[in-house]
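Step one of this worksheet: look at the structure below.
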Amino acid sequence: MAHGKTSYVCLPCRASYKQPYPGYHDHDRVCPRCAEPLIHVGSAFAAPKRRDTAAWRTLSVLLHAGVRFHKSCCGGPGYRPRTLGEVRERLAYARAAGEPFAQALVRRNLPRQSAGRGVPRHRRSAPC
């Protein structure tokens, strides 16, 4: 039986590659086009079109913050922002609340701000 595959991304080339999961003795994967290191993004990743520069910029922010697209107990990777506007909104919230960027980027809904009270403290949601 063949082993499953997972996705790797080259941000400079805007390319995605399906390759076998990394093994214990595997070396770092490199892009076949530019020989830059590939980033392991996970098996639940769907690459944007190469010409969609805004989507690749959004993906770049997510990957540099440490967000990946691995399957969870509920089947998918969970919420991920798709536009630069959603990313900016979540980064602004993270700065104001003191929350780590990676955690704020995967929030589906941001807590509403109370007038004159600043950013409210949120409760940590239970895993699914």
Side-chain angles (χ1 to χ4, degrees):
M1 183 172 169
H3 294 283
K5 292 192 174 186
T6 186
S7 294
Y8 289 83
V9 167
C10 177
L11 292 174
C13 294
R14 290 191 218 153
S16 172
Y17 302 98
K18 290 275 190 181
Q19 296 186 1
Y21 279 93
Y24 181 73
H25 295 292
D26 278 349
H27 58 280
D28 290 336
R29 316 258 171 143
V30 294
C31 177
R33 289 179 169 189
C34 68
E36 290 291 318
L38 292 174
I39 301 170
H40 183 213
V41 293
S43 59
F45 176 71
K49 294 185 186 271
R50 186 170 285 141
R51 67 179 176 269
D52 189 353
T53 56
W56 280 95
R57 286 180 56 200
T58 301
L59 177 62
S60 176
V61 171
L62 290 172
L63 295 178
H64 289 321
V67 177
R68 298 295 187 264
F69 297 82
H70 298 288
K71 292 180 182 175
S72 69
C73 61
C74 299
Y79 173 79
R80 301 293 186 263
R82 294 185 151 259
T83 65
L84 288 171
E86 291 174 344
V87 168
R88 285 187 201 107
E89 189 176 60
R90 279 154 181 76
L91 291 179
Y93 169 77
R95 284 186 196 103
E99 185 174 55
F101 288 147
Q103 189 176 346
L105 286 168
V106 297
R107 286 183 161 277
R108 182 172 297 278
N109 298 314
L110 296 177
R112 298 189 186 270
Q113 292 184 4
S114 301
R117 294 185 188 204
V119 177
R121 299 309 300 172
H122 56 279
R123 283 184 288 172
R124 190 171 229 187
S125 62
C128 48

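The figures here come from the full heavy-atom set of this structure, side chains too, leaving out hydrogens, waters and symmetry mates. Residue numbers run from 1 in the order of the sequence given.
- Contacts of Ser43 classified as side-chain hydrogen bond (donor to acceptor under 3.5 Å, both in side chains), with partners at least two apart in sequence or in another chain: Tyr21.
- Between the CZ atom in Arg107 and the CZ atom in Arg80 there is a gap of 13.5 Å [rounded to 0.5 Å].
- Two residues are said to be in side-chain contact when any heavy atoms from C-beta on lie closer than 4.5 Å; Leu110 and Arg90 meet this criterion.
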Do any side-chain atoms of residues 29-38 form donor-acceptor pairs under 3.5 angstrom with protein atoms, and if so which ones, sequence neighbours left out?
unit_1: Arg29; atom_1: NH1; unit_2: Gln19; atom_2: OE1; d: 2.9
unit_1: Arg29; atom_1: NH1; unit_2: Pro20; atom_2: O; d: 3.2
unit_1: Arg29; atom_1: NH2; unit_2: Pro20; atom_2: O; d: 3.0
unit_1: Arg29; atom_1: NH2; unit_2: Asp26; atom_2: OD2; d: 3.0

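- With sequence neighbours excluded, the residues forming a side-chain hydrogen bond (donor to acceptor under 3.5 Å, both in side chains) with Thr6 are His40, listed by chain and number.
- Other members of the hydrophobic cluster containing Leu105, listed by chain and number, are Val9, Leu11, Ile39, Val41, Phe45, Trp56, Leu59, Val61, Leu62, Leu63, Val67, Phe69, Val87, Leu91, Phe101, Val106; membership follows side-chain contacts under 4.5 Å among ILVMFWY residues, whether direct or relayed.
- Residue pairs meeting the salt bridge (Lys or Arg N to Asp or Glu O under 4.0 Å) criterion with at least one partner in residues 45-60, sequence neighbours excluded, are absent.
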